[in-house]
Amino acid sequence: MTTAGDIMHRGAQWIPAHETLDRAAQLMRELNVGALPISDENERLCGILTDRDIVVGCVAMGHDPAQVTAGEMAQGTPRWIESGADVGEVLQEMKGHQIRRLPVIENKRLVGMISEADLAQHLTDEQLAAWVESVYARSAMR
């Protein structure tokens, strides 16, 4: 059985909710990633921040990224998966919530992230095609 822990990208890092978006952008550059999980003061997942969130939700709105925090950008209920979850559960979680990045948790701690690139490297062609169709077909219908 292939698990979330088998396909995830290790080394994911939190951005604390109190950190500013300019710091988040710097961390994204350092880690070469386009998204960071946001943690509260207890290191619990409270959201995901993407590079697009920074550009569209802050900069394009005329706000200063040095004055807006990651926590202010956190919206909705964050989704995550346990590291021991079967890859089928990973796909269902991502399909069901139309998300393209999924934090992986083990013992209540962040241990990795699963992105579209991770799926492409680890899924069969059939699994990948079904996932792409379900996520992108619904997005196009909006």
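Note that the structure is predicted; figures quoted are calculated from it, not measured.
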**Request:** Measure across Leu31 and Gln13 and return the closest heavy-atom pair with its distance rounded to 0.1 Å.
**Result:** CD2-NE2, 3.6 Å

**Prompt:** CE of Met113 to CG of Leu36: how many Å apart, nearest 0.5 Å?
**Reply:** 7.5 Å

**Request:** Measure the shortest side-chain to side-chain distance between Val104 and Arg10 over non-hydrogen atoms and say whether it is less than 4.5 angstrom.
**Result:** no

**Prompt:** Under 4.0 Å between a Lys/Arg side-chain N and an Asp/Glu carboxylate O for Lys108 and Glu82?
**Reply:** no

**Item:** Shortest non-hydrogen contact between Thr69 and His18, atoms and distance
**Value:** CG2-O, 3.6 Å

**Prompt:** How many angstroms lie between atom CZ of Arg79 and atom CD of Gln98, to the nearest 0.5 angstrom?
**Reply:** 13.0 Å

**Message:** When you compare the side chain of Pro65 with that of Val59, does any pair of heavy atoms fall below 4.5 Å?
**Reply:** yes

**Request:** For residues Asp40 and Leu45, determine if any side-chain heavy atom of one lies less than 4.5 Å from a side-chain heavy atom of the other.
**Result:** no

**Prompt:** CH2 of Trp14 to CZ of Arg44: how many Å apart, nearest 0.5 Å?
**Reply:** 8.5 Å

**Request:** Please test Met28 against Leu49 for side chain to side chain contact (heavy atoms under 4.5 Å, CB included), starting from the C-alpha separation and ending with a verdict.
**Result:** CA-CA 10 Å; Met28 286 179 186; Leu49 179 68; 4.2 Å; yes

**Request:** Look at the side-chain heavy atoms of Ile, Leu, Val, Met, Phe, Trp and Tyr, link any pair under 4.5 Å apart, and say whether Val33 and Ile114 land in one connected group.
**Result:** no

**Request:** Applying side-chain hydrogen bond (donor to acceptor under 3.5 Å, both in side chains), name anything that partners Asp22, two or more places apart in sequence or on another chain.
**Result:** Thr20

**Fill in**
Here the gap from Leu102 atom CG to Glu93 atom CD, rounded to the nearest 0.5 Å, amounts to 6.0 Å

**Message:** Go through it in stages, so that I can follow the logic: the residues are Val55 and Arg52, the test is side chain to side chain contact (heavy atoms under 4.5 Å, CB included), and I'd like the CA-CA distance, side-chain angles, deciding distance and then a yes or no.
**Reply:** CA-CA 5 Å; Val55 172; Arg52 187 176 193 283; 5.8 Å; no

**Item:** Side-chain heavy atoms of Met8 within contact of Ile81, under 4.5 Å
**Value:** no

**Prompt:** Is the shortest heavy-atom distance from the side chain of Glu89 to the side chain of Gln92 under 4.5 Å?
**Reply:** no

**Asked** Is there a path from Leu27 to Ile54 through hydrophobic residues (I, L, V, M, F, W, Y) whose side chains come within less than 4.5 Å of each other?
**Response** yes

**Prompt:** Roughly how far, to the nearest 0.5 Å, is CE of Met73 from SG of Cys58?
**Reply:** 6.5 Å

**Request:** Verify the neighbour count for atom CG of Asn107: are there more than 12 heavy atoms of other residues, nucleotides or ligands below 6.0 Å?
**Result:** no

**Complete:** Rounded to the nearest 0.5 Å, the CD1 atom of Ile48 sits from the CD1 atom of Ile99 at a distance of 7.5 Å

**Message:** On a heavy-atom basis, which atom in Pro16 and which in Ala70 lie closest, and how many Å separate them?
**Reply:** O-CB, 4.0 Å

**Item:** Single-linkage hydrophobic cluster, 4.5 Å side-chain cutoff, Trp80 and Leu119 together
**Value:** no

**Message:** List the residues meeting salt bridge (Lys or Arg N to Asp or Glu O under 4.0 Å) with Glu106, not counting sequence neighbours, and say none if there are none.
**Reply:** none

**Request:** Indicate the atoms forming the closest heavy-atom contact of Pro103 with Leu110, along with that distance.
**Result:** CB-CD1, 4.0 Å

**Message:** Could you tell me if the side chain of Val87 sits less than 4.5 Å from the side chain of Ile7, heavy atoms only?
**Reply:** yes

**Message:** Restricting to salt bridge (Lys or Arg N to Asp or Glu O under 4.0 Å), what partner residues turn up for Glu72, sequence neighbours left out?
**Reply:** none

**Asked** Can you name the closest pair of heavy atoms from Cys46 and Pro78 and give their distance?
**Response** C-CG, 3.7 Å

**Request:** Measure across Met1 and Asp6 and return the closest heavy-atom pair with its distance rounded to 0.1 Å.
**Result:** O-OD2, 3.8 Å

